[in-house]
Amino acid sequence: MANTILIGAQWGDEGKGKIIDVLTEQADVVVRTQGGNNAGHTVFIGARKYVLHLVPSGVLRRRKVCVIGNGVVVDPIGLVGEIDGLRKLGVKVDDNLFISETAHLVFPYHRELDSQREILKGKNKIGTTKRGIGPAYGDKAARTGLRMIDLINPPRFESLLRQKIRENNEILKAFGATPLSFKEVHSDYRAAGDRLKPFVANTVVLLHNAMRQRKDILFEGAQGTFLDIDHGTYPFVTSSNTTAGGACTGSGVPPHRMDRVVGVMKAYTTRVGEGPLPTESAEIADMLHAMGREFGATTGRPRRCGWFDAVATRHATMVNGIDELAVTNVDGLDSLATIKVCVAYRIGTARYDYVPNDVEAMARCQPVYVEFPGWRTPTNKVRRWKDLPSKTRAYLKAIAELTGARLAIASVGPAREQTIFL
Ligand code: GDP
Ligand code: IMO
Ligand code: MG
């Protein structure tokens, strides 16, 4: 299998967790390289549901090494809670998890600033997960952030945190928010630091040693292409590079060591949070929500839903270099008589076959649809490609062709076994 980057080709929640879990069987090491606990990756094993936020989804399989890379922003309290939660469910988390020394930390003032900035933006809010992700990456870029290596060095941590709390309390006061107690934050974070210390490592050296031993590495993307800080629908994006390049910068594994890029996409489109979504449709949203589907794994918010947007996924193939596609939630379309696919955008009389950079133009884009006949048959029990209804196969082949990459996996349910390999 060699080294594989797996990314979301849409707006996040494409089913990356499920596909990572399936592909982990063939991998030795699974690495998160960007984002933080804004991510929510769902994996079902039997009837048991796991939602991973910071810990790579590979942790659910025995004998796999999991790495939280340098590009991730870590909320230490959240991570300790996640590890404890996994252990309670019987998942082993000890010498199989490594956290980069240089991963930046998320603090309560980041979360509070995230919330306050959203309030200030009013109707122009981003609709963030309020996990402090933007302010934490902001500190990293401003070179004022604290890292894992600081957290596990008590004297250094104390003096750096004191300074940060003092500075951020002034900002919080200006917002009219309640200032933080240094003492409380310090004791909570030091306790978390002691819990996390055994996991902290030089993960760049670790990954290169693994490659020298010819181990296969799977890079678990978080969020999706159109939430990328550079390539997404800015400013309605997250604060990291969610596209394939982020796997290199966020891990220290160079581009020429990457062997393939797998793009995960739903057979339709969803987005949680604000920002343009050209194919948004009440019809498909009502249908999916009535089935109890498409509620956020991190915040529980109902996801916005729409038809498959091939303009967007074609763009995703371009910026990520997607080789193979995994299409999930095929079963979500089982009951429809007609399925629409967006093949271009229109603004007035102008036709676009690419995603416009101007977010206001993007918001004005009207989808140009082609229609496919629905198969109106349950697909969730199908295990082989040739057993799928011919209309399902035609639909999947068409969206893969429009996206411009090879269809490799079709997923017909959340469970491991509901996976069809081509
Ligand atoms: P991620 O963030 O990309 O890992 O995706 P999420 O876990 O946030 O959301 C994807 C949702 O779809 C989860 O509830 C998964 O269990 C579910 N899922 C993934 N693939 C399939 C599928 O093929 N069919 C169905 N019915 N659900 C799926
Ligand atoms: P996974 O990995 C879907 C969205 C938020 C918001 C925007 C910015 O599960 O696919 P942030 O808290 O990152 O500053 O929010 O990005 N967002 C996600 N949407 N899936 C995610 O992760 C997301 N992580 C962030 O809803 O619109
Ligand atoms: Mg998710």
Side-chain angles (χ1 to χ4, degrees), residues 6-22 32-45 48-54 56-57 72-73 75 106 110-111 113-115 117-118 125-138 220-229 232-240 242 263-277 288 291-304 326-334 378-380 382 409-420:
L6 181 140
I7 52 87
Q10 295 163 322
W11 277 269
D13 302 328
E14 296 90 346
K16 297 177 294 294
K18 160 166 176 174
I19 303 298
I20 284 281
D21 172 64
V22 168
R32 271 283 304 271
T33 58
Q34 43 72 226
N37 59 358
N38 49 348
H41 297 176
T42 315
V43 181
F44 277 90
I45 300 173
R48 191 166 262 181
K49 177 179 172 178
Y50 302 83
V51 182
L52 288 309
H53 298 288
L54 274 164
S57 304
V72 176
V73 288
D75 181 330
V106 180
H110 292 133
R111 280 199 304 274
L113 287 172
D114 193 351
S115 295
R117 285 177 190 163
E118 286 280 272
K125 72 176 197 289
I126 297 166
T128 73
T129 61
K130 299 201 174 82
R131 297 295 188 275
I133 304 300
Y137 276 113
E220 175 174 351
Q223 291 82 50
T225 298
F226 297 97
L227 293 172
D228 184 284
I229 183 85
T233 53
Y234 192 91
F236 302 101
V237 294
T238 191
S239 300
S240 63
T242 63
V264 185
M265 56 192 206
K266 279 178 175 145
Y268 47 88
T269 306
T270 65
R271 170 168 207 167
V272 57
E274 306 303 319
L277 188 64
L288 292 163
M291 291 158 81
R293 294 165 63 144
E294 302 308 345
F295 293 91
T298 295
T299 58
R301 292 178 288 176
R303 294 177 183 143
R304 299 158 63 195
V327 181
T328 69
N329 288 274
V330 175
D331 55 307
L333 301 177
D334 283 351
T379 54
N380 61 335
V382 178
I409 292 175
S411 168
V412 292
R416 275 178 183 169
E417 59 277 12
Q418 291 172 305
T419 310
I420 299 168

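These numbers come from the heavy atoms of this one structure, side chains and all, not from hydrogens, waters or symmetry mates. In each ligand, atom 1 is the first atom listed, and ligand 1 is the first ligand listed.
- Near His41, the atoms of ligand 1 lying under 4.0 angstrom from a non-hydrogen atom of the residue are 1 (P), 2 (O), 4 (O), 7 (O).
- For Thr225 (side chain) and Gly232 (main-chain N/O), no donor-acceptor pair under 3.5 Å exists by modelled atom type.
- For atom 17 (N) of ligand 2, the closest heavy atom belonging to the protein is Leu227 CD1, 3.8 Å.
- Near Lys18, meaning under 4.0 Å from one of its heavy atoms, ligand 1 places the atoms 20 (N).
- At the top of the distance list for atom 19 (N) of ligand 2, counting protein heavy atoms only, stands Val272 CG1, 3.3 Å.
- Put simply, the side chain of Lys16 gets close to the backbone of Gln223: a donor and an acceptor are under 3.5 Å apart.
- The single protein non-hydrogen atom nearest to atom 4 (O) of ligand 1 is Gly17 N, 2.8 Å, given as residue, atom name and distance.
- On a distance-only criterion, Asp13 and ligand 2 share at least one N/O pair closer than 3.5 Å.
- Nearest to atom 6 (P) of ligand 1 among the protein's heavy atoms is Gly40 O, 3.6 Å.
- Atom 13 (O) of ligand 2 has Thr238 OG1, 2.6 Å as its closest protein atom, hydrogens excluded (heavy atom only).
- By the 3.5 Å distance cut-off applied to N or O atoms, Gly40 is counted among the residues near ligand 2.
- Using a 4.0 Å cut-off to heavy atoms of Ala297, the atoms of ligand 1 that qualify are 8 (O).
- Using a 4.0 Å heavy-atom cutoff, Gly413 is listed among the residues neighbouring ligand 1.
- No donor-acceptor pair under 3.5 Å is formed between the side chain of Thr299 and the backbone N or O of Gly296.
- A 4.5 Å side-chain heavy-atom check between Val106 and Arg131 finds every atom pair outside the cut-off.
- For ligand 1 and Arg293, the ligand atoms under 4.0 Å from any heavy atom of the residue are 25 (C), 26 (N).
- Every heavy atom of Gly8 sits 4.0 Å or more from the atoms of ligand 1.
- Within the 3.5 Å criterion, the main-chain N or O of Thr128 finds a donor-acceptor partner in the side chain of Glu118.
- Set against the non-hydrogen atoms of Ser411, the atoms of ligand 1 under 4.0 Å away are 20 (N), 21 (C), 22 (C), 23 (O).
- By the 4.0 Å heavy-atom criterion, Thr299 is excluded from the residues contacting ligand 2.
- For Ser57 (side chain) and Asp21 (main-chain N/O), no donor-acceptor pair under 3.5 Å exists by modelled atom type.
- For atom 24 (N) of ligand 2, the candidate residues are Arg304, His53, Gln223, Lys125; the nearest heavy-atom contact is made by Gln223.
- Between the side chain of Lys18 and the main chain of Gly413, a donor-acceptor pair closer than 3.5 Å is present.
- Heavy-atom proximity to Arg303, at under 4.0 Å, picks out these atoms of ligand 1: 6 (P), 8 (O), 9 (O).
- The nearest N, O or S atom of Gly40 is closer to the Mg ion (ligand 3) than 2.8 Å.
- The side chain of Asp331, and not its backbone, has at least one atom closer than 4.0 Å to an atom of ligand 1 (non-hydrogen atoms only; side chain from C-beta on).
- At distances below 3.5 Å, at least one donor-acceptor pair connects side-chain atoms of Thr242 with backbone N or O atoms of Gly224.
- Distances between N or O atoms of His41 and those of ligand 2 include at least one value under 3.5 Å.
- No other N/O/S atom of Asp13 lies as close to the Mg ion (ligand 3) as OD1 does.
- In this structure a side-chain-to-backbone donor-acceptor pair under 3.5 Å is present from Arg271 to Glu274.
- Not a single heavy atom of Phe236 sits under 4.0 Å from any atom of ligand 2.
- Within ligand 1, the atoms closer than 4.0 Å to a non-hydrogen atom of Thr328 are 20 (N), 23 (O), numbered from 1 in the order shown.
- In this comparison of Ala222, Gly15, Gly332, the heavy atom closest to atom 5 (O) of ligand 1 sits on Gly15.
- Judged purely by atom type and a 3.5 angstrom limit, Gln10 uses its side chain to pair as donor or acceptor with the backbone of Lys266.
- Using a 4.0 Å cutoff on heavy atoms, Arg301 counts as a contact of ligand 2.
- Remark: side-chain polar atoms of Glu14 are paired, donor with acceptor, to backbone N or O of Gly12 under 3.5 angstrom.
- Of all protein heavy atoms, the one closest to atom 10 (O) of ligand 2 is Lys16 NZ, 2.6 Å.
- Nearest residue to atom 12 (O) of ligand 1 from Asn329, Ile19, Val327 is Asn329 (criterion: closest heavy atom).
- Between Thr129 and ligand 2, at least one N/O pair is under 3.5 Å apart.
- Every atom of ligand 1 is numbered from 1 in the order shown, and the set under 4.0 Å from a heavy atom of Phe44 is 16 (O).
- Counting only heavy atoms of the protein, atom 10 (C) of ligand 1 lies nearest to Asp13 O, 3.7 Å.
- Nearest residue to atom 6 (C) of ligand 2 from Gly127, Gly273, Ala297 is Gly127 (criterion: closest heavy atom).
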Given Asp334 and Thr379, is the side chain to side chain donor-acceptor pair (under 3.5 Å) satisfied, shown in steps? CA-CA 7 Å; Asp334 283 351; Thr379 54; 3.0 Å; yes
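- At the top of the distance list for atom 7 (O) of ligand 1, counting protein heavy atoms only, stands Thr42 OG1, 2.6 Å.
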